[in-house]
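This report concerns only the one structure given below.
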Amino acid sequence: MGVVGLASAVLLAASVALCSAGRADAPRGVAVGFVFDPKAKCDPQCDHGGICIRNGTCFCSKGYEGETCQYANCYPKCKNGGACLRPGKCRCPPGFGGRYCHKVTCDGGCWNGGECIAVNGAAKCICPSSWAGSKCQEAICPQGCRNGGICVAPGICSCPEGWLGGACHTAVCAQSCLNGGKCISPDKCRCRPPFSGPRCEERKKSH
Ligand SMILES: *[C@@H]1O[C@H](CO)[C@@H](O)[C@H](O)[C@H]1NC(C)=O
């Protein structure tokens, strides 16, 4: 073996030694450089497996923080007022969900194309223009539904028996009103004088 060969063997040995020294470094959980006093007292005690390294100073285990390691930490932080329950686990206020409470959730969902968004910290459905209600479940009939009609879809009224028309505003008389009489409510004619009777079929006698 020549001089060059010997030098590279020494270099190799040196780098292996450095490597293993680095790996065996420091006990788990305690960072190098801490002044660790084995007789240190922490009162109150360190929570959640924290180690008392100096009088009154805790070294917290991963996932905890605070003077006595009393607080779990969540990264990213819990959003929208969520509380960090365990390391990395948020408890979300009503209306929010997801790992970091970053998602808005509307209880029961938003119907008919409504969109769930946060308004002043509360989840709320924003409804398309023809729908209303907390879940956008109520159709809007701009014309109104009269005479007991119910708005069943945007602009569409379901009318009770005896009524017709877009707003249930047209009465139905099974038998039409005669002599210019007008159907004013189901099966009720308003007659033009001098006619009378259920269908305005009678001419009043004049004396
Ligand atoms: C830590 O506190 C104890 C008593 O509570 C005391 O005897 C000791 O000297 C303190 N150690 C240091 C380093 O201050």
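We're numbering straight along the sequence, starting at 1. Here the structure is a predicted model, which is why all the values come from computation and not from measurement. One-based numbering, in listed order, for ligands and for the atoms of each.
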Which atom pairs, donor and acceptor, lie under 3.5 Å between side-chain atoms of residues 179-193 and protein residues at least two apart or in another chain?
residue: N179; atom: ND2; partner: C200; partner atom: O; Å: 2.8
residue: D187; atom: OD1; partner: A174; partner atom: N; Å: 2.7

Exercise. Can we say the SG-SG distance for C78 and C90 is below 2.5 Å?
Worked result: yes
For this session: Would you confirm whether any non-hydrogen atom of the protein falls under 4.0 Å from atom 7 (O) of ligand 1?
Result: no
Exercise. In a check of side-chain contact (heavy atoms from CB on, under 4.5 Å) between W163 and each of N147, T170, V172, which one passes?
Worked result: N147
Seminar exercise, completed: Nearest non-hydrogen protein atom to atom 13 (C) of ligand 1, with distance, is D37 OD2, 3.8 Å
For this session: Using ring-ring contact (aromatic ring centres under 6.0 Å, His included) as the criterion, list what pairs up with H102, not counting sequence neighbours.
Result: Y100
Exercise. Do you see a protein non-hydrogen atom under 4.0 Å from atom 4 (C) of ligand 1?
Worked result: no
Exercise. Taking N or O atoms only and a 3.5 Å limit, does K41 qualify as a polar contact for ligand 1?
Worked result: no
Exercise. Do F59 and F36 belong to the same hydrophobic cluster, where Ile, Leu, Val, Met, Phe, Trp and Tyr are linked whenever their side-chain heavy atoms lie under 4.5 Å apart, directly or via other members?
Worked result: yes
Problem set entry | Nearest-contact summary for atom 14 (O) of ligand 1 - protein heavy atom, Å | N55 ND2, 3.5 Å
